[in-house]
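Presented below is the structure to which this report refers.
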Amino acid sequence: MGSLFEDIDDTIFDDKDVLAEEYQPDEILERDDEIGQYKHTLKDVLFGRNPTNVMLYGKAGVGKTAVTTYVLNELQAEAETRDETSDVHVHRFNCNGETVFSTVRALVNQLLPAHAADFPKRGLSTSDALEEFYSQLERVGGTHLVVFDELDHLEDANTLLYDIPRARAKGDLEDARIGIIGISNNYKFRDRLSSKVRDALNEDEIAFSTYTANELQNILRDRAEKALVDDGFDESAIRLAAALAAKDNGSARQALDLLRKGGEIAERNDDSTVTEHHIDAARDAVRRGRLKDKISDQSTHAQLVLEAMARIENRGDTPARSKEVMSVYQEVAVDREQEPLSTLKSVQNHLSDLTMLGFLTQNQVNEGRGGGVYHEYELDMTPDVVFGTCDELFATTF
Ligand SMILES: Nc1ncnc2c1ncn2[C@@H]1O[C@H](COP(=O)(O)OP(=O)(O)O)[C@@H](O)[C@H]1O
Ligand SMILES: [Mg+2]
């Protein structure tokens with residue numbers, strides 16, 4: 001008898017990593033304008049001047065992180081070749097799920113010498129952490145560029161964005177120089193900053209537009225050539241994946257997901273070329289994956305409210321009023337071993353946020369003469385996706 005894997009001897013992928021989420025392309029296509037602006041903004045660093053702060057805006061998957069990594073790698077490499085330029089240190093940090101304190105703490109820990117103990121988790125304040133941050137920057141010296149990715153996820157970015165730009169003026173930094181690079185999916189982010197912070201930051205802004213179908217085709221074709229074997233894909237696959245992603249959100253991430261999933265489906269079917277049929281078959285799985293990501297991005301209580309809505313939907317009891325959602329939400333919280341929020345108002349706030357984000361639909365009901373006005377909610381997706389994702393998110397880890 002042969003071994004279990006004996007019959008597997010062929011693969012459609014030459015280098016599948018090229019299609020992985022974390023792959024950093026060494027060539028960025030279709031973003032010449034953004035890269036040009038970036039270059040112009042950061043060039044001061046080469047002459048030992050203070051870096052200009054930068055804020056990047058654009059929807060998910062339009063290349064903000066990839067372009068930033070590329071530009072900063074190039075800048076660091078160039079600085080190394082110039083004797084007169086001081087070292088450029090880059091600190092990358094994703095703010096998703098973080099507080100201002102945990103963010104600064106993490107930056108301090110990245111900077112501490114290898115033998116030093118980590119900055120304490122408890123007992124010290126954000127200003128203590130900032131003070132330590134500045135003294136570490138002084139110790140290391142040179143120019144520091146701090147990338148705050150997904151900065152809009154930080155509840156109160158104001159403190160951070162007010163303090164750091166003023167560090168030199170306040171005398172917290174003398175030798176070291178620091179620049180902030182903020183990345184946000186949310187265009188409204190800047191409006192939420194106080195005017196005091198906006199003045200302190202005085203940043204350059206770079207807007208990333210969504211990709212057109214043509215741009216996505218070029219990005220995809222380049223990746224497909226590197227990732228798949230010769231003749232491993234058909235132009236029809238590139239065209240369809242680009243068209244679907246362009247029609248939805250103009251996201252390169254989504255286009256690449258379709259190509260990777262399409263490749264996996266082709267391989268499973270023993271087909272030697274990825275065609276539009278495989279991309280078409282990949283649509284459902286990719287859509288589910290995107291929904292999962294979107295759910296994972298919500299706060300814990302928003303997730304619990306969403307799961308409550310999924311339960312109500314499953315019982316066929318939608319549309320439901322917020323009071324009813326509240327009681328199911330409390331059951332869900334108990335099941336998931338979370339302390340439930342106690343006020344109806346807080347659950348109503350989550351319901352309206354979830355509606356705005358497209359998870360739920362809401363309609364307004366007038367009770368007629370003398371009666372009040374209230375809202376009813378329905379789930380705008382299949383309950384299964386919600387249950388599956390919440391099971392993963394709340395899985396007990398031993
Ligand atoms: N212009 C581009 N050229 C090549 N790959 C790109 C380009 N833009 C985005 N990508 C790829 O698409 C995916 C999403 O891009 P990313 O930079 O993470 O988006 P964002 O940070 O805006 O959400 C990544 O895998 C990235 O490598
Ligand atoms: Mg990103």
Side-chain angles (χ1 to χ4, degrees), residues 13 15-39 54-74 90-98 103 145-154 157 180-190 205-228 233 238 241-246 248-264 279 282 286 289-294 296-297 357:
F13 296 105
D15 185 358
K16 195 175 174 186
D17 290 346
V18 171
L19 296 178
E21 168 81 46
E22 61 280 1
Y23 175 80
Q24 173 62 29
D26 34 43
E27 200 186 354
I28 302 277
L29 303 168
E30 309 291 353
R31 292 271 93 140
D32 292 352
D33 289 349
E34 291 81 355
I35 292 172
Q37 285 182 53
Y38 225 140
K39 180 173 162 184
V54 200
M55 204 60 94
L56 268 54
Y57 294 100
K59 291 200 173 145
V62 297
K64 301 182 299 298
T65 302
V67 167
T68 298
T69 305
Y70 165 77
V71 169
L72 294 179
N73 285 347
E74 293 284 309
V90 174
H91 313 282
R92 297 185 174 80
F93 192 72
N94 193 309
C95 304
N96 192 3
E98 303 291 334
T103 302
L145 294 170
V146 189
V147 182
F148 293 113
D149 207 342
E150 312 204 19
L151 182 57
D152 48 321
H153 283 248
L154 222 50
I180 294 175
I181 297 174
I183 304 183
S184 167
N185 285 350
N186 185 346
Y187 284 95
K188 295 238 170 73
F189 178 73
R190 193 168 198 277
E205 223 173 85
I206 308 178
F208 283 61
S209 52
T210 52
Y211 289 116
T212 64
N214 268 331
E215 290 168 342
L216 289 174
Q217 280 192 27
N218 292 336
I219 293 170
L220 283 177
R221 197 174 298 111
D222 177 69
R223 289 285 180 102
E225 277 161 6
K226 291 176 180 134
L228 297 159
F233 68 96
I238 303 293
L244 291 172
D248 194 0
N249 268 320
S251 150
R253 181 173 300 122
Q254 190 181 355
L256 287 162
D257 283 350
L258 282 164
L259 182 63
R260 183 181 57 245
K261 202 80 212 158
E264 287 168 0
I279 302 296
V286 169
R290 290 204 333 121
L291 278 177
K292 265 182 157 173
D293 290 348
K294 229 173 112 180
S296 317
D297 273 351
L357 291 166

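In listed order, ligands and their atoms are each counted from 1. Only heavy atoms go into these numbers, but all of them, side chains included; no hydrogens, no water, no symmetry mates.
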Would you list the protein N, O or S atoms within less than 2.8 Å of the Mg ion (ligand 2), leaving out water? Thr65 OG1
Among protein heavy atoms, which sits nearest to [atom], and what does the distance come to when rounded to 0.1 Å?
atom: atom 25 (O) of ligand 1; value: Glu21 O, 3.6 Å
atom: atom 23 (O) of ligand 1; value: Gly61 N, 2.7 Å
atom: atom 19 (O) of ligand 1; value: Gly63 N, 3.2 Å
atom: atom 17 (O) of ligand 1; value: Ala66 N, 2.8 Å
atom: atom 10 (N) of ligand 1; value: Ala252 CB, 3.9 Å
atom: atom 3 (N) of ligand 1; value: Leu29 N, 3.3 Å
atom: atom 18 (O) of ligand 1; value: Arg253 NH2, 2.8 Å

Taking the side chain as everything from C-beta on, heavy atoms only, tell me whether [X] gets closer than 4.5 Å to [Y].
X: Leu220; Y: Leu256; answer: yes
X: Ser184; Y: Lys64; answer: no
X: Glu225; Y: Phe233; answer: yes
X: Tyr211; Y: Arg31; answer: yes
X: Asn218; Y: Arg221; answer: yes
X: Leu228; Y: Phe13; answer: yes

Would you mind running through ligand 1 and noting each atom that sits below 4.0 Å from a heavy atom of [X]?
X: Leu256; result: 11 (C), 12 (O), 25 (O)
X: Ala60; result: 23 (O)
X: Ile28; result: 1 (N), 2 (C), 3 (N)
X: Tyr23; result: 27 (O)
X: Tyr211; result: 1 (N), 2 (C), 7 (C), 8 (N), 9 (C)

Using 0.5 Å steps for rounding, measure from the [atom1] atom of [X] to the [atom2] atom of [Y].
X: Glu98; Y: Leu151; atom1: CD; atom2: CG; result: 12.0 Å
X: Arg92; Y: Leu72; atom1: CZ; atom2: CG; result: 6.0 Å
X: Asp149; Y: Asp152; atom1: CG; atom2: CG; result: 9.0 Å
X: Ile206; Y: Met55; atom1: CD1; atom2: CE; result: 11.5 Å

Is the shortest N/O to N/O distance between [X] and ligand 1 below 3.5 Å?
X: Lys64; result: yes
X: Val62; result: yes
X: Asn185; result: no

Under-4.0 Å salt bridge between Glu264 and Lys16: yes
Between Asp257 and Arg260, does any NZ, NE, NH1 or NH2 come within less than 4.0 Å of an OD or OE carboxylate oxygen? yes
Are [X] and ligand 1 in contact, using a heavy-atom cut-off of under 4.0 Å?
X: Glu22; answer: no
X: Pro25; answer: yes
X: Arg31; answer: yes

Please classify the Ile219 to ligand 1 contact at 4.0 Å (heavy-atom distances, strictly less than): side chain, backbone, both or neither. side chain
Other residues, nucleotides, ligands: >12 heavy atoms within 6.0 Å of Lys226 NZ: yes
Going by heavy-atom distance to atom 6 (C) of ligand 1, choose the closest among Glu27, Glu215, Arg223, Gln24. Arg223
Distance alone, cut at 3.5 Å: any donor-acceptor contact between the side chains of Asn249 and Gln254? no
Within the side chain of Gln24, is there an N or O that forms a donor-acceptor pair under 3.5 Å with the backbone of Ala66? yes
Is a side-chain N or O of Arg223 found less than 3.5 angstrom from the main chain of Leu19, in a donor-acceptor match? no
